[in-house]
Amino acid sequence: MFALCDCNNFYASAERLFRPELNGKPVVVLSNNDGCVIARSEEAKACGIKMGDPEFLVRDLIKKFSIQVFSSNYVLYGDMSERVMHNLGRWFPRLDVYSIDEAFGWLGGVKDLGNYVPKIRESVVRNTGIPVSIGVAPTKTLAKLANKMSKRTGGVLVLDSDEKIKAAVNDFPAHELWGVGRQHYKKFESLGIRTAGELRNMPEMWFKQHMTILGQRMWNELWGRPAIPLEAVRETKKGITVSRSFRNYIEQPEILAEALTLYASRLAEKLRREKLRCLYLQVFLYTNKNREDHPQHFPSHTHKLLIASNNTTDLVSIAVRVSARLFRAGVKYRKAGVIATGLVPENELQLNAFFDHDNGKKDTVSAVLDKLNLAYGRGTLRMASEGYEKKWRLKHEYLSKGYTTRWADIIKVK
DNA sequence: TCTGGGGTCCTAGGACCC
DNA sequence: TCTGGGGTCCTAGGACCC
């Protein structure tokens, strides 16, 4: 049996944990640049705030219901996530951490699930302060379904018989299934399919034809036959991205170069942290697609490196050069990013017979950079091309403190 | 009038996830 | 005026190989 454990309204719960006076009050967390709503407490949902709502469109609701607003604080969420996962790990022989607030656990051989599962939930809540819900079923897809249904029934739901599964799928909306997005739902609608129960009664070939092999897997999973295995060890990543929207539009190539310098520096740091190097570096620019009156431009280019690298100097110089070529005058750019692919382990460096390698000099520079920035704070030592003013940098006006990660921000008990 | 078969790699686009 | 960021997988088509 699989268990899906997920934190309720995770970011909102994490923020409220250190502001107990907000318990029972509406709370929302905004995306980067304070753009749109990405987490809501139950009270905020009841005020009519929807997932993904742009902040400027719900400003009136926020004011009307005195909703507490937070910018996203990923350092805090990352740390709280680690605590939750660590606690979950005590209860499962194998744990597959699926996202920052979700994990699949393997419950093979546990006899009294009805007794065991609620204990997991109570323990995590007691040890971390983060409320979680747990759904249990014979497949991952059904465990996800059970998890969603459990939010209405006290946070735990175990589907351990064909009868229970049948009752659950007949009561579950097809568009809320794991793996069903807007496009698939449109197809279901046109056929009059509303519930997961109606959906799984369609023939297997229908799934294969209309939803590719992923649909075929879903069909099996809905009938209780596991088609998606537990990944106790996550495979190494295929790519690493750093991209951000700008606070204001960028219309000058030299300002764009500043942003790309920062993003490529961050990307190099991420690669070094994961002990990887990249063979390809993709650079892309975006305009604001919500503005039909602006000229649109979404250029992108992938640069192939002669030797795999994770050095800040290498990646920054490529990113800046490529972005200058992609840039078009008279266009208002809203966002840019860099993607590293062709990832290889740091210590398996393949040299190039026709190209001079510097015998690790740049690696030494990067190591010094990381060491200084770790000791004295991120950005202490950085590339000069990052600029000084950085007016394009993210907006986060409602940022909470680093309660669990910064000594200066630790809560004092009187 | 008639021009093979089997494969890999890469890219772009679509769909979905949290 | 103001609409996030970081991922995965699948498919189709083009270019190329023998």
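Computation of the quantities below employed the complete heavy-atom set of this structure, encompassing side-chain atoms and omitting hydrogens, waters and symmetry-equivalent molecules.
At the heavy-atom level, Glu55(A) lies nowhere under 4.0 Å from the strands shown. If you check every strand for non-hydrogen atoms under 4.0 Å, Arg59(A) touches a base. As judged by a 4.0 angstrom heavy-atom cut-off over every strand, Leu177(A) is placed among residues touching the sugar-phosphate backbone only. Backbone-only engagement by Tyr249(A) is indicated by non-hydrogen atom pairs under 4.0 Å involving sugar-phosphate atoms exclusively. When heavy atoms are screened at a 4.0 angstrom cut-off, Asp101(A) is found touching the sugar-phosphate backbone but no base atom.
Applying the ring pair (Phe, Tyr, Trp, His ring centres under 6.0 Å) rule to pairs touching residues 15-67 of chain A yields Phe18(A)-Tyr403(A), sequence neighbours excluded. Sorted by first and then second residue, the ring pair (Phe, Tyr, Trp, His ring centres under 6.0 Å) pairs with a member in residues 235-278 of chain A read Tyr249(A)-His294(A); sequence neighbours excluded. Pairs passing the ring pair (Phe, Tyr, Trp, His ring centres under 6.0 Å) check and including a residue from residues 301-333 of chain A, sequence neighbours excluded, read His297(A)-Tyr333(A), Phe327(A)-Tyr333(A).
Without hydrogens or angle criteria, Glu102(A) side chain to Asp6(A) main chain gives no donor-acceptor distance under 3.5 Å. Formation of a donor-acceptor pair under 3.5 Å by the Arg244(A) side chain with backbone atoms of Ala259(A) is not found in this model. For the pair Asp53(A) (side chain) and Val37(A) (backbone), a donor-acceptor distance under 3.5 Å is absent. Between the Glu258(A) side chain and the Ser385(A) main chain, no donor and acceptor come within less than 3.5 Å of each other.
One atom, CG of Asp6(A), and another, P of dC17(B), lie 14 Å apart when rounded to the nearest Å. Atom P of nucleotide dC2(C) and atom CG of Asn288(A) are separated by 7 Å, given to the nearest angstrom. Asn248(A) has its CG atom 11 Å from the C1' atom of dC2(C), to the nearest Å. Spacing between atom CG of Asn9(A) and atom P of dC18(B) amounts to 14 Å, rounded to whole angstrom units.
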From CA spacing to verdict: ring pair (Phe, Tyr, Trp, His ring centres under 6.0 Å), Tyr398(A), Phe70(A)
CA-CA 5 Å; Tyr398(A) 317 101; Phe70(A) 290 96; 8.7 Å; no

Show, in sequence, the C-alpha distance, side-chain angles and deciding distance for Gln296(A) and Thr287(A), and conclude whether the side chain to side chain donor-acceptor pair (under 3.5 Å) test is met.
CA-CA 6 Å; Gln296(A) 298 292 314; Thr287(A) 43; 3.0 Å; yes

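The stretch residues 137-154 of chain A touches DNA chain B through Lys144(A), each having a heavy atom within less than 4.0 Å of the strand. Near DNA chain C, defined here as any heavy-atom distance below 4.0 Å, there are no residues from residues 314-330 of chain A.
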Strictly under 4.0 angstrom, non-hydrogen atoms only: write out the protein contact profile of nucleotides 4-16 of chain C, one letter per nucleotide from the 5' end, B, S or -.
SSSSSSSS-----

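Taking the side-chain contact (heavy atoms from CB on, under 4.5 Å) definition, one finds that Leu230(A) meets it with Phe2(A), Arg94(A), Asp96(A), Phe104(A), Trp106(A), Lys140(A), sequence neighbours left out. Partners of Glu198(A) according to the salt bridge (Lys or Arg N to Asp or Glu O under 4.0 Å) rule, which considers only residues two or more places apart in sequence or in another chain, are Arg194(A). Partners of Lys391(A) by side-chain contact (heavy atoms from CB on, under 4.5 Å), not counting sequence neighbours, listed by chain and number: Glu389(A).
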Scan the side chains in residues 72-90 of chain A for donor-acceptor partners under 3.5 Å anywhere in the protein, sequence neighbours excluded, and list what turns up.
residue: Ser72(A); atom: OG; partner: Leu30(A); partner atom: O; Å: 2.8
residue: Asn73(A); atom: OD1; partner: Leu76(A); partner atom: N; Å: 3.2
residue: Asn73(A); atom: ND2; partner: Ser400(A); partner atom: O; Å: 3.2
residue: Asn73(A); atom: ND2; partner: Ser400(A); partner atom: OG; Å: 3.0
residue: Asn73(A); atom: ND2; partner: Lys401(A); partner atom: O; Å: 3.0
residue: Tyr77(A); atom: OH; partner: Glu15(A); partner atom: OE2; Å: 2.6
residue: Tyr77(A); atom: OH; partner: Asn73(A); partner atom: N; Å: 3.3
residue: Asp79(A); atom: OD2; partner: Arg83(A); partner atom: NE; Å: 3.3
residue: Asp79(A); atom: OD2; partner: Arg83(A); partner atom: NH2; Å: 3.3
residue: Asp79(A); atom: OD2; partner: Thr404(A); partner atom: OG1; Å: 2.6
residue: Ser81(A); atom: OG; partner: Ile100(A); partner atom: O; Å: 2.6
residue: Asn87(A); atom: OD1; partner: Asn127(A); partner atom: ND2; Å: 2.8
residue: Asn87(A); atom: ND2; partner: Arg83(A); partner atom: O; Å: 2.9

Check residues 172-185 of chain A and write down every donor-acceptor pair under 3.5 Å in which the side-chain atom is one partner and the other belongs to a residue at least two apart or another chain.
residue: Trp178(A); atom: NE1; partner: Tyr98(A); partner atom: OH; Å: 3.4

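Using a 4.0 Å cut-off, some side-chain N or O of Arg291(A) falls inside it from OP1 or OP2 of dC2(C).
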Pairing annotation in dot-bracket form, given for DNA chain C with Watson-Crick or G-U pairs under 3.5 Å and | for cross-strand partners
....||||||||||||||

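Here, dT3(B) and dC18(C) have their P atoms 24 Å apart, quoted to the whole Å.
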